[in-house]
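Because the structure is predicted, anything quoted here is derived from the model rather than measured. We name chains A, B, ... by the order of the sequence lines, and we start the count at 1 in each one.
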Amino acid sequence: MAKVSQSLQGMTDIEFPEVNIWQTLEARAREVMLQYDFREIRTPIVEMASVYLHSLGDTSEIVQKQMYAFETRGGKQVCLRPEGTAGVMRYVSNNQQELQDARLYYMGPMFRAERPQAGRKRQFHQLGVECIGSTSARQDAEVIALQAALFKAWNLDGVQFQLNTRGSMEDFSKILEGLRSELMPVTDDLCDDCRHRMDNNVLRVLDCKNPGCKKVVEELSPITTWMDPASVAYFEEVLATLDTFGVDYVVNPLLVRGLDYYQHSIWEVTSNRIGAQDALSGGGRYAMKANGKTIEGVGFGIGMERVLMALAEETSKAFSREKDPLMVLVGQNEAAQTANLTLLGELRGQGYRVRMDLNGKSMKAQMKGAGRQQARWVLIRGESELDAGTIQLRDMESGEQKEVAMADLVGEISGLV
RNA sequence: GUGGGUGUAGCUCAGUUGGUUAGAGCGUCGGUUUGUGGUACCGAAUGUCGCGGGUUCGAAUCCCGUCACUCACCCCA
């Protein structure tokens, strides 16, 4: 039996000091979003299951076996969102007039019932961007540049942008057909999985890791062979614009993305220092049906847990540091502690980060506590200070301590902070 | 969903071929003349040995189940 107090498999508490890293990443992300003029959208975590069923593709594993789906008491089929795009499309389709050219971003938890491993939780967090309306190749490039700007703002190095194109929706059936016809004669050289993929997901054969399959794939024509020249030109314009923006990338003709709604540009960002689950981010241009309308856009999702893992150790340390220094009030006796309560309120009213012991601990214990809480300064009062109307101001780093008049305290502190 | 590893005090772990009251370090708490942290010294507390069942005179140790963590496959962010 599991303890009731245990958290669910693959669902973890994000606690101090790590939570500070999250806050820093989020704060910096919001700044970048503002620069690119994207606005936040917060959609519900629970949606009708139908929001995902058709949009993600019926063969995708996410829909087939990873969704946290359940029936409400009213008999509705609902689920915890496994990704962010479909919910945003649901929102956009309901407000299409006002949102013809929406530039949106979201941050929040997503849920997939997979077996947890390094970089894979059942509740995980994505930062996503959806840019709706524009069908310009330059728009794809701007969104990719936005993503590069995020990574830069996070001091994230050792990442690689891999790009590819899937062509237009019209090209798609020709590509599948072309691939199948080239693979048919060599079916025997493929692994079991890939033989299945021949029927329901041919593109996936391209990124199979099986050595035998890799060999077969090397001999295949590039998928651009079956695309309309306009699709190829579209992709070339994306690349040219990226060059203009100064974004580094490599073109990977074998890159495939898992979800069905993608067309034209697709990309993935990988890191070389986070283990097998090395994709930090994936994105692309898409056309998705929602409420009977087709919405076109371009966007990406970033796995925040993976970003945290990919941060250099020094960066993590810097991002987890508390911004404001802490002051602790210490009182030698009851009278001093009561007086400190008043001071506590006053200092907080002026915006300082300050705390004191409320449990009647000894002065030594209070000092020890201040040390453990990494207080930058400690303000100490006892009988003699109360009589004299003064307070001891101790610098916990240098160990220096001086007595200042209560009237001068605020001025003294503002000089320090 | 498949496979491997792991689960002993708050943390990191030790625990000999199953054998008496289960250990260490760190941390926590208290003390070193009652008003001062981070160093030193002294002392103290803390474990249903993940959970349940089985084998045995006897299980932290062996077996089964289960839950969780972890890594890989798969999938994806």
| remark: From the candidates B/C75, B/A77, B/U32, the one with an atom nearest any side-chain atom of A/Phe124 is B/A77
| query | Got a second to check how far A/Met309's CE is from A/Ser271's OG, nearest 0.5 Å? | reply | 8.5 Å
| task | Compare the minimum distances between each of B/C74, B/C76, B/C29 and the side chain of A/Lys368, then state the nucleotide with the smallest one. | result | B/C29
| said: Any carboxylate oxygen within less than 4.0 angstrom of a Lys/Arg side-chain nitrogen, looking at A/Arg122 and A/Glu114? | reply: no
| said: Side-chain N or O of A/Arg372 versus OP1/OP2 of B/U28: is the shortest distance under 4.0 Å? | reply: yes
| task | Report yes if at least one side-chain N or O of A/Lys209 is closer than 4.0 Å to OP1 or OP2 of B/C74; otherwise report no. | result | yes
| request: May I ask you to say what A/Gln401 touches in the nucleic acid, namely base, sugar-phosphate or nothing, with a heavy-atom cut-off under 4.0 Å? | output: base
| field | Any donor-acceptor N or O pair under 3.5 Å, side chains A/Asn20, A/Arg321 | value | no
| query | What does A/Gln9 touch in the nucleic acid at a heavy-atom separation under 4.0 angstrom: a base, only the sugar-phosphate, or nothing? | reply | sugar-phosphate
| request: Mind checking the NZ-OG1 spacing from A/Lys317 to A/Thr315? Nearest 0.5 Å is all I need. | output: 11.0 Å
| note | A/Met363 has its side chain closest, among B/C74, B/G35, B/U70, to B/G35
| Is any side-chain N or O of A/Gln277 closer than 4.0 Å to OP1 or OP2 of B/A77? | no
| said: Within the 4.0 Å heavy-atom criterion, would you say A/Gly399 contacts the bases, only the backbone, or no part of the nucleic acid? | reply: base
